[in-house]
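Atoms considered below: every heavy atom in the structure, side chains included; atoms not considered: hydrogens, waters and symmetry mates. Sequential numbering from 1 along the given sequence is applied to the chain's residues. Please read all numbers here as calculations on a predicted model, not as lab measurements.
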Amino acid sequence: MSSAVLRLKNASIFQRENLILSHVDVEIFKGDFVYLIGKTGSGKSSFMKTLYGDLPLMEGEGSIVDFDLRELKEKQIPFLRRKLGVIFQDFKLLNDRTVKDNLLFVLKATGWEDKAAMEKRIEEVLDKVGMKSKNLTFPYQLSGGEQQRITIARALLNDPELIIADEPTGNLDPQTSVEVMELLQEINKNGNTILMATHDYALLLKYPSKTLKCDGTKVFEVVQRKG
């Protein structure tokens, strides 16, 4: 058995009764860094939402981090999300609590109980993203780039088998985008598998990697020309 962390076979993705993507065949393996590109409205978000259980997979086969997407029950979704790290474009941080408490909230929600272990894990992930000194800061006191670093730290908390990054640089200026991208590259080199939706083609040129494109209800691999 190969170590595919994500496999979709002849899958169709719907939003309610609207067909968004059809006959999707995708495989992502442990350690991959994969881009998902396509115009706004081409189905990137629906694709991502299906992977973390926000939309049901109605047709075809799909497995992600050992969960069968066709058989996925409501009560299994928290367990699925424990094995995934999700990074959103708009950060989704809780502004009424500190960075540390944001991370604590996620750990408690995903079943951690040992206070010392939680403290240690928070310190580790903040260190990884270069934000250790900001643990008592509130998200609204941070720049967009800093908030995105916290979001990445949050995604790393449960040492996920797959990180799903939905337009992680979408709200950032070009310089900050590069810094966030460097961080994601580093995380990938440390063994985390990353699937990243983006419309920032400059990043694809600067950090070439396997690329999937959503276009006209299809998802296909784009072969990047060298040089």
Side-chain angles (χ1 to χ4, degrees), residues 4-29 32-94 106 109-110 148 151-152 154-155 160-172 177 184 193-204 209-224:
V5 286
L6 167 65
R7 182 181 280 121
L8 294 173
K9 196 172 172 201
N10 204 15
S12 292
I13 289 170
F14 289 83
Q15 245 185 336
R16 298 193 181 88
E17 51 279 344
N18 301 325
L19 177 70
I20 309 292
L21 297 166
S22 65
H23 305 299
V24 178
D25 291 302
V26 168
E27 277 191 317
I28 293 178
F29 294 93
D32 280 355
F33 190 112
V34 180
Y35 291 110
L36 180 67
I37 61 170
K39 294 189 188 78
T40 303
S42 61
K44 296 194 302 293
S45 282
S46 299
F47 182 90
M48 296 297 214
K49 284 178 174 171
T50 304
L51 300 186
Y52 55 79
D54 249 19
L55 292 174
L57 180 64
M58 313 285 268
E59 286 176 16
E61 296 170 34
S63 68
I64 184 166
V65 297
D66 302 326
F67 282 82
D68 185 328
L69 286 169
R70 282 299 297 276
E71 302 293 323
L72 192 66
K73 307 277 185 289
E74 190 82 30
K75 63 174 184 292
Q76 291 175 301
I77 292 173
F79 298 98
L80 165 65
R81 291 188 185 169
R82 242 177 252 190
K83 297 176 84 172
L84 298 174
V86 185
I87 300 168
F88 300 98
Q89 176 178 347
D90 54 358
F91 318 134
K92 295 199 184 333
L93 294 165
L94 304 165
V106 173
T110 50
Q148 194 55 292
T151 307
I152 294 168
R154 182 180 62 192
E161 289 178 42
L162 174 63
I163 292 173
I164 294 174
D166 196 356
E167 300 275 3
T169 61
N171 285 338
L172 306 175
S177 295
L184 290 171
T193 311
I194 297 178
L195 171 64
M196 171 176 159
T198 186
H199 59 250
D200 188 343
Y201 292 100
L203 290 178
L204 272 76
S209 197
K210 178 175 170 171
T211 302
L212 301 171
K213 184 174 187 181
C214 294
D215 193 10
T217 80
K218 297 283 178 274
V219 179
F220 50 89
E221 190 169 340
V222 181
V223 180
Q224 294 191 337

message = Suppose we screen for side-chain hydrogen bond (donor to acceptor under 3.5 Å, both in side chains). Which residues come up paired with Glu59, at least two apart in sequence or across chains?
response = Ser12

request  = Apply side chain to side chain contact (heavy atoms under 4.5 Å, CB included) to Asp32 and list each qualifying residue two or more places apart in sequence or on a separate chain.
outcome  = Ile28, Phe29, Val34, Thr193

Partner residues of Lys39 under the salt bridge (charged side-chain N to carboxylate O under 4.0 Å, His left out) criterion, sequence neighbours left out = none

ask   = What closest approach, in Å, do Leu80 and Gly53 show between heavy atoms, and which atom pair accounts for it?
value = CD2-N, 4.2 Å

Contacts of type side-chain hydrogen bond (donor to acceptor under 3.5 Å, both in side chains), residue Thr217, not counting sequence neighbours = none

task = Flag yes if more than 12 heavy atoms outside Tyr52 fall under 6.0 Å of its OH atom; otherwise flag no.
result = yes

Smallest separation among heavy atoms of Ala11 and Leu57, with atom names = CB-CD1, 3.8 Å

key: Counterpart residues, ring pair (Phe, Tyr, Trp, His ring centres under 6.0 Å), relative to Phe14 (two or more places apart)   = none

note = Taken in chain and number order and not counting sequence neighbours, the residues that satisfy side chain to side chain contact (heavy atoms under 4.5 Å, CB included) with Glu167 are Lys44, Gln89, Thr198, His199

message = Keeping Arg70 on the side-chain end and Gly60 on the backbone end, is there a donor-acceptor pair under 3.5 Å?
response = yes

ask   = Hey, is the main chain of Ile20 close enough, under 3.5 Å, to the side chain of Ser46 for a donor-acceptor pair?
value = no

task = Please identify each residue that fulfils side-chain hydrogen bond (donor to acceptor under 3.5 Å, both in side chains) with Ser63, with sequence neighbours left out.
result = none

remark   = The salt bridge (charged side-chain N to carboxylate O under 4.0 Å, His left out) partners of Asp25 (sequence neighbours excluded) come to none

remark   = Sorted by chain and residue number, the side chain to side chain contact (heavy atoms under 4.5 Å, CB included) partners of Glu71 (sequence neighbours excluded) come out as Asp68, Lys73

note = The salt bridge (charged side-chain N to carboxylate O under 4.0 Å, His left out) partners of Lys49 (sequence neighbours excluded) come to none

query = Quick one: side-chain hydrogen bond (donor to acceptor under 3.5 Å, both in side chains) partners of Asp215, sequence neighbours excluded?
reply = none

query = Can you name the salt bridge (charged side-chain N to carboxylate O under 4.0 Å, His left out) partners of Arg81, sequence neighbours left out?
reply = Asp54

